[in-house]
Undergrad: 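To start, I am sharing the structure in question, which I have written as structure tokens.
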Amino acid sequence: MRIDEIYSYFPFRLFGLSRADLNDLVEAEFSAEIELCRANPDMLRQYLDMKRAGHRVGFISDTYWDTSRLARLLRACHPGLVWDFLYASCDHGSGKSEALFAAYLSEQGIDAGASVHVGDNDRADIKGAKRHGIHPRYYPQATAQLASKFQRETALFELLCAGAPSRLDHGARTLRRMVAARSAEGSQAFHLGMTVLGPVMTAFDAFVMRRCEEISGPGRQVALGFLGRDGFLPHRIWQELHGTSSAYLEINRRVSLIASADTMQPLVDLFSKVFKIDAPTFHDIVKTMPPKIAAFFAGRPDGIASGEDLAEALPKLIDPAEIVTLAAGLRARLLAYLRQAIPGFDNCSDLVLADLGYSGSVQKALRRIFDLEGIKIRLHGAYLMSLDDAFDDVAKDDSATGFISDLVVTPHVKRMMIRNVALLEQICCSADGSVRDYDGGQVLREINPRPESQIALAAEIQAGVLAFAGSAEEVALDFRLSPYAGGDTAARWCAATLARLLLLPDDDELMLLGDLRHDVNLGTHALAPMIDSGFIRRQITARGLSSACTATAPPMWLAGCFARLSPSHAYLYALFGANRLPADVFEESPSISIQIGLFRRNGEATLEAVTVHRTGLGELRVRIPLSRAMDIAMIALPLGKFAPEGLLHGVTIQSADEVRDAAESQDAVGIAAKSLTFAGVQQNGSHYRAETEDGCLLIPVAPMTREIAVYSVAITPLGVSPK
């Protein structure tokens, strides 16, 4: 079909046009094609080599552009280009997969066996050529895996960056395809670094460069530091691309907050973010153990307290003067380290701190440290992702800017990405343990609790990232691409690329990354799992889909947990994070009421009415609240009466001292399948079928340690609707 035939179907009146404007529309599209089309330098070199060798060379294209326009397009990409033949499918009414090759062979009088056709379409170029006896040579635009990633990225771009054109990326995807095509085959981890994280981190490097240039000026001495440990990979990229002076600064939130303490508040802020802590860990962090602190931990089960409980009690347990003295010592050692790490530190007017992000806690702590010591250096945060509302209290002369800011994606989306960013942190960080102190300008580190296999995997991914960064500029010049020149466009596409990995990983990525563990980096040696296979299933059973989407860590990679359940669950989570998951569609609603049997430990039995809810995913959910005073030993759920056949997803228990607290608890414990009894029900794995209407699921009730327990059952009914 020719281009004018395609535009004959255009809705002219809808846009205030008439059919007389058809040619103007065609020319507008052709002008855009001229502007956007690029010659592939690899193909061009092969073409010219064949031409110089005396072979007849030309083009055969499936296109709606006629031969005249196709010729103009080719010469716009490479002025002076000549050919021996040129075939456009629209001029012949047939494509390469049909009769276009036959027309070429007939008109040119060429022996098919002496012809070679190079193309990127398996059906048209390869199979079409073979069918006519022509030797094909496959030149794929992208691997199937990379093409699949591009499709998912485009879907997320349109979801997360609404209002921006998804097709215009200044050549970013072309660059990724060409770098991958020119690179030697590597491991799956190397490929992930090259094709996914490499483009993101290279674009971030360009952002850091722009920030340094913006801050520089007459009378300013600007230094650049990458904050360890997450800034390790960006620092390596900077060294690879620029080779100019920059520092890798091993400063973490824990050290900087303690060093900045002139009151108790920084320690309260620090410990409030710790999940669990014991007395030895507290001593490692604060370097003191007052008697009241020791007694506090001794009074906790197994000597372990939550960070929130410790933070709340801390002002009553320790003398603020002791903290101030400890902070002053650490502050002096930290400043000695900075003077060692940053040449000419005392002559700097501005220090740029590059990091993954997110709220600038280290930057703010350093500001307090500098102010306490009378240091006038201005601080400028350059972050991959920023929680911009957290920067309102940045000092007047300082600055903090995120590459992926609230101008790129909404704060709601950003928080979803940061909830899953532990995966990126583990890939980007160094192989060393986290800093705990300094001595004589040298770093004293914690042990690194991560297994050697994980460190090696991160190193392989980083090698792929560096390989992309090292070759991207040369390839971009060859193709006349500038994907990182437009900051806003680059930021949006990097947001989509990173969100695709974090939110919609494919099966290979889940297999590669799912077993990673996260070093919580707050003075503990604990490793938190990225994925807990059954976690999300228990959350959905007990609390529903939307509540599962808000689950707090651990596990650290919540989207990975959804993806392990199914790709569609992962996409629903992404929709929730983009505020596009309507509760009235996907949440549960009352369906029917049923009578369940409750058997007390004294042998008495009663019937109680409970409501069966139906969810937006077609599941049935039954919640049964019990009190300790009821002394229930067994629950009988009459499957035969409301869901005679189905898939049992599990039974969970939530416990608390109040019904609401139990129902909202994230601590949903699954009952082992072998503990359940099917009476009058055939069962095979998760599938069951009631033999009669009296068929029941018998659920044992364990002795209760809290006042309330909520038992939840999730079922996908098969064949019939609830009665």
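Note that the structure is predicted; figures quoted are calculated from it, not measured.
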Undergrad: Any carboxylate oxygen within less than 4.0 angstrom of a Lys/Arg side-chain nitrogen, looking at D125 and R137?
TA: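 No salt bridge links D125 with R137.
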Undergrad: How about H78 and Y47: do any of their side-chain heavy atoms sit closer than 4.5 Å?
TA: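 Of all side-chain heavy-atom pairs linking Y47 with H78, none is under 4.5 Å.
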Undergrad: Give a yes or no on this: more than 12 heavy atoms of other residues, nucleotides or ligands lie within 6.0 Å of atom CG of D507.
TA: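 No, CG of D507 has 12 or fewer neighbouring heavy atoms, counting only those of other groups under 6.0 Å.
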Undergrad: Output yes when R182 and D478 qualify as a salt bridge under the 4.0 Å nitrogen-oxygen rule, no when they do not.
TA: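 Salt bridge present between R182 and D478.
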Undergrad: Around E473, counting heavy atoms of other residues, nucleotides and ligands shown, do more than 12 lie under 6.0 Å from its CD?
TA: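 Atom CD in E473 is not crowded, with 12 or fewer foreign heavy atoms closer than 6.0 Å.
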Undergrad: Output yes when R152 and D506 qualify as a salt bridge under the 4.0 Å nitrogen-oxygen rule, no when they do not.
TA: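 Here R152 does not pair with D506 in a salt bridge, since their nearest N and O are not under 4.0 Å apart.
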Undergrad: Around atom CZ of R480, are there more than 12 heavy atoms of other residues, nucleotides or ligands at under 6.0 Å?
TA: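 Buried by this count: over 12 neighbours within 6.0 Å.
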Undergrad: Against F12, only a single residue in F10, F15, Y9 fulfils ring pair (Phe, Tyr, Trp, His ring centres under 6.0 Å); can you say which?
TA: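 Only one option passes, and that is F10.
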Undergrad: Check whether the side chains of Y64 and E29 place a donor and an acceptor atom closer than 3.5 Å, and report yes or no.
TA: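 The criterion, which ignores hydrogens and geometry beyond distance, is satisfied for E29 and Y64.
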Undergrad: Does the distance from a Lys or Arg side-chain N to an Asp or Glu carboxylate O, for R580 and E158, drop under 4.0 Å?
TA: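 The answer is no: the pair does not qualify as a salt bridge.
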Undergrad: Under the criterion side-chain hydrogen bond (donor to acceptor under 3.5 Å, both in side chains), which of R450, R229, Q454 is the partner of D519?
TA: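 Exactly one pass, corresponding to R229.
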Undergrad: Does a donor on one side chain sit under 3.5 Å from an acceptor on the other, for R210 and T401?
TA: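 Result is no, nothing qualifies.
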Undergrad: Take a 6.0 Å sphere around CE of M43 and say whether it holds more than 12 heavy atoms from other residues, nucleotides or ligands.
TA: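 Buried by this count: over 12 neighbours within 6.0 Å.
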Undergrad: Please check if atom CD in E35 has more than 12 non-hydrogen atoms from other residues, nucleotides or ligands closer than 6.0 Å.
TA: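 No, CD of E35 has 12 or fewer neighbouring heavy atoms, counting only those of other groups under 6.0 Å.
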Undergrad: Give a yes or no on this: more than 12 heavy atoms of other residues, nucleotides or ligands lie within 6.0 Å of atom CG of D84.
TA: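 More than 12 heavy atoms, drawn from other residues, nucleotides or ligands, come within 6.0 Å of this atom.
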Undergrad: Compute whether any side-chain donor of one residue and acceptor of the other, for Y139 and Q46, lie under 3.5 angstrom apart.
TA: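 There is no such pair between these side chains.
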Undergrad: Is the count of non-hydrogen atoms from other residues, nucleotides or ligands lying under 6.0 Å from R75 atom CZ greater than 12?
TA: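 Result for CZ/R75: enclosed.
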Undergrad: Kindly check if the number of other-residue, nucleotide or ligand heavy atoms within 6.0 Å of CZ (R13) is above 12?
TA: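 Atom CZ in R13 is not crowded, with 12 or fewer foreign heavy atoms closer than 6.0 Å.
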Undergrad: Pick out which of I461, L233, T202 makes a side-chain contact (heavy atoms from CB on, under 4.5 Å) with L197.
TA: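 Passing option: I461.
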Undergrad: When you compare the side chains of T174 and R177, does any donor N or O come within less than 3.5 Å of an acceptor on the partner?
TA: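 On atom types as modelled, these side chains qualify, holding a pair under 3.5 Å.
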Undergrad: Measure the shortest side-chain to side-chain distance between F403 and V208 over non-hydrogen atoms and say whether it is less than 4.5 angstrom.
TA: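 Of all side-chain heavy-atom pairs linking V208 with F403, none is under 4.5 Å.
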Undergrad: Kindly indicate, with the supporting measurements, whether the criterion ring-ring contact (aromatic ring centres under 6.0 Å, His included) is fulfilled by Y248 and F232.
TA: CA-CA 7 Å; Y248 174 60; F232 178 73; 5.6 Å; yes
